[in-house]
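Worksheet: one structure, shown below.
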Protein chains: 2
Amino acid sequence: MSAWVEKLSARGYKITPQRRIILEILGNSDRHLTAEEIGQEVRKTEPSISLATVYRNLNLLADLQIVSRLNIHDGPVRYELHGGHNHHLVCMDCGVAVKLGVCPMQGEVNRVAEENGFEVSNHHFEVLGYCRECSLKRKLQQANSTAEGGTAGDKD
Amino acid sequence: MSAWVEKLSARGYKITPQRRIILEILGNSDRHLTAEEIGQEVRKTEPSISLATVYRNLNLLADLQIVSRLNIHDGPVRYELHGGHNHHLVCMDCGVAVKLGVCPMQGEVNRVAEENGFEVSNHHFEVLGYCRECSLKRKLQQANSTAEGGTAGDKD
DNA sequence: CTCCTAATTAATAATTATTACCATTTAGGA
DNA sequence: TCCTAAATGGTAATAATTATTAATTAGGAG
Ligand SMILES: [Mn+2]
Ligand SMILES: [Mn+2]
Ligand SMILES: [Zn+2]
Ligand SMILES: [Zn+2]
């Protein structure tokens, strides 16, 4: 059986259909999905599943390291199957995540931590931007809207 | 005058007392502060300043790279004066941030990005944990509560 | 210095993301 | 087959942030 069945059972958690579905969806996706997206997908199979259940389970599964969280600035948390420890190039538009083979959590960094008596418990490294497709899309859109008047409003 | 006056004026933004106060507070703090914390501090000087104004300005100032955001997982966004580009050891308890002299956004990473036609626009690298003081505090607290029964609930 | 207006503000409503609650159902071991 | 802790669905509640809007103000033109 899949490793996750083990991990759950071993600690007294039950194997429910909703957990199966959630994990299946994550397994079939090559993107990081938001809880909301997972909810929508889930409801295609089993419309009665509550979004609260999705959140509840994503939290549990993350605690057990069965899925992992990705914290995009400018947007809700995204989830994927936990495939070992790694970092990503994340598209801020569509959510695809290209795996990086690199982890910056090494020598230099650990040294500074020790020097400061800092107890490291976690780290994030994410590169944000736009995947090939979305990057292209945006450039076209911008080309479109090149004739607007603008004094000084707020933009990014 | 401070560089930020320049940056704002240059683009037609006004120098308001609330902006002065917000930036002064950030200038006097060695911690990353949340919008809420800044709001409280701000109201000590000028009780009428709205929290919406704090948020509005932090967003503007971040866009102009006058302040920078720090996205702690498990907690609201924190802000500091933008002091060049750098990353931190961030205490998840009290929010102090020890500057790291290292940025992982280099060769290896950029290469992967290029290979994938990925348009990089930003990155995050943060090491989370507990500063010396808070780390100690927690160890004491845990030592205290070492006699609780627990079957299988959810913990982290 | 006085006016004018776009920028900004305070106050508050609205949204978004996530968690808490609770009555009911269910997984899975005895 | 029963029993019970675990889980669920539905929904209310909370936390964080953004939107709206009428009133105020910074700062340049005259
Ligand atoms: Mn890493
Ligand atoms: Mn960097
Ligand atoms: Zn994309
Ligand atoms: Zn601390």
Side-chain angles (χ1 to χ4, degrees), chain A residues 1 5-23 32-40 42-43 45-64 69-79 95 149-156, chain B residues 1 5-23 33-40 42-43 45-64 69-79 149-156:
Chain A
M1 272 294 94
V5 174
E6 272 300 292
K7 271 198 184 172
L8 286 172
S9 306
R11 314 203 187 188
Y13 297 108
K14 296 180 177 174
I15 310 304
T16 66
Q18 17 293 80
R19 279 172 190 168
R20 274 185 203 289
I21 296 174
I22 289 171
L23 285 166
H32 281 69
L33 302 174
T34 65
E36 186 62 55
E37 288 170 339
I38 294 168
Q40 298 197 340
V42 150
R43 279 190 291 275
T45 303
E46 190 57 70
S48 66
I49 294 180
S50 160
L51 186 57
T53 297
V54 173
Y55 272 106
R56 228 184 298 115
N57 281 313
L58 288 172
N59 283 338
L60 173 62
L61 296 171
D63 283 351
L64 299 183
R69 276 185 252 257
L70 187 61
N71 204 315
I72 291 187
H73 156 80
D74 258 47
V77 175
R78 289 173 175 273
Y79 300 85
T151 317
D154 57 308
K155 277 281 149 56
D156 185 353
Chain B
M1 271 297 95
V5 175
E6 272 299 292
K7 272 199 183 173
L8 285 172
S9 306
R11 316 203 186 186
Y13 296 107
K14 297 180 176 175
I15 310 304
T16 66
Q18 17 293 78
R19 281 172 189 168
R20 276 185 200 289
I21 295 173
I22 289 170
L23 285 166
L33 302 174
T34 66
E36 186 61 56
E37 287 169 340
I38 294 168
Q40 299 196 339
V42 149
R43 278 191 290 276
T45 304
E46 190 58 69
S48 67
I49 294 181
S50 159
L51 185 56
T53 296
V54 172
Y55 272 106
R56 226 184 301 115
N57 281 313
L58 288 173
N59 282 338
L60 173 63
L61 295 171
D63 282 350
L64 300 183
R69 276 185 252 258
L70 188 60
N71 204 317
I72 291 187
H73 158 82
D74 258 49
V77 176
R78 289 173 175 274
Y79 300 85
T151 317
D154 57 308
K155 276 279 150 58
D156 185 353

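Labels below follow one simple rule: chain letters A, B, ... track the order of the sequence lines, proteins then strands, and each chain is numbered from 1.
Scanning both residues, B:I21 and B:V42, for their nearest heavy atoms gives CG2-CG2, 3.8 Å. Taking both residues in full, the closest heavy atoms of B:R11 and B:K7 are given as CG-O, 3.4 Å, listed atom of the first, atom of the second, then distance. Across all their heavy atoms, A:A35 and A:V54 have their closest contact at O-CG1, 3.8 Å. B:L51 and B:G39 make their closest contact through CD1-CA, 4.3 Å (heavy atoms, listed as atom of the first residue, atom of the second, distance).
Rounding to whole angstrom units, CZ of residue A:R11 and P of C:dG28 are separated by 17 Å. If you take CG of B:L61 and P of C:dT8, they are 11 Å apart, rounded to a whole angstrom. Taking atom CD of B:E37 as the reference point, atom P of D:dA16 lies 11 Å away to the nearest angstrom. Taking atom CG on B:L58 and atom P on C:dT9, their separation rounds to 11 Å, with Å as the unit. Between A:Y55 atom OH and D:dA15 atom C1' there is a gap of 13 Å when expressed in whole angstrom units. Note: CD (A:Q40) to P (C:dA17) measures 12 Å, nearest angstrom. In this structure, A:K14 atom NZ and D:dA5 atom C1' are separated by 6 Å, rounded to whole Å. When rounded to the nearest whole Å, the span between CZ of A:R20 and C1' of C:dA27 equals 11 Å.
Panel note: side chain A:R19, backbone A:K14; a donor-acceptor pair is recorded below 3.5 Å.
One axis for each end of the helix from C:dC1-D:dG30 to C:dA30-D:dT1, each built from five base pairs, and the angle between them comes to 30° at 10° resolution.
Sequence order on DNA chain D of the closest nucleotides to B:I15 and A:P17 puts A:P17 first from the 5' end. Of the residues near DNA chain D, B:T16 and B:A35, the one whose nearest nucleotide (by heavy atom distance) lies more toward the 5' end is B:A35.
The side chain of A:R56 has D:dT8 as its nearest neighbour among C:dG28, D:dT8, C:dA11. Candidate nucleotides D:dA6, C:dT18, D:dT17 were compared by shortest atom distance to the side chain of B:P76, and D:dT17 ranks first. Side-chain proximity of A:V77 to D:dA26, C:dT26, C:dT18: nearest is C:dT18.
Looking at heavy-atom distances under 4.0 Å, B:Q18 makes contact with sugar-phosphate atoms alone, never a base.
The shortest side-chain heavy-atom distance between A:Y79 and A:R69 falls under the 4.5 Å cut-off.
Residues from residues 45-53 of chain B placing a heavy atom under 4.0 Å of any atom in DNA chain D, listed by number, are B:A52.
Between the OG1 atom in B:T53 and the CD1 atom in B:I22 there is a gap of 7.5 Å [rounded to 0.5 Å]. How far CG of B:N59 is from CG of B:L64: 11.0 Å, rounded to the nearest 0.5 Å.
Between B:N59 and the phosphate of D:dT18, there is a side-chain N or O to OP1/OP2 separation shorter than 4.0 Å.
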Residues B:L8, B:L60; criterion side chain to side chain contact (heavy atoms under 4.5 Å, CB included); working and verdict: CA-CA 9 Å; B:L8 285 172; B:L60 173 63; 4.1 Å; yes

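Every residue meeting the side-chain contact (heavy atoms from CB on, under 4.5 Å) condition with A:E37, not counting sequence neighbours, appears here in chain and number order: A:R31, A:L33, A:T34, A:R78.
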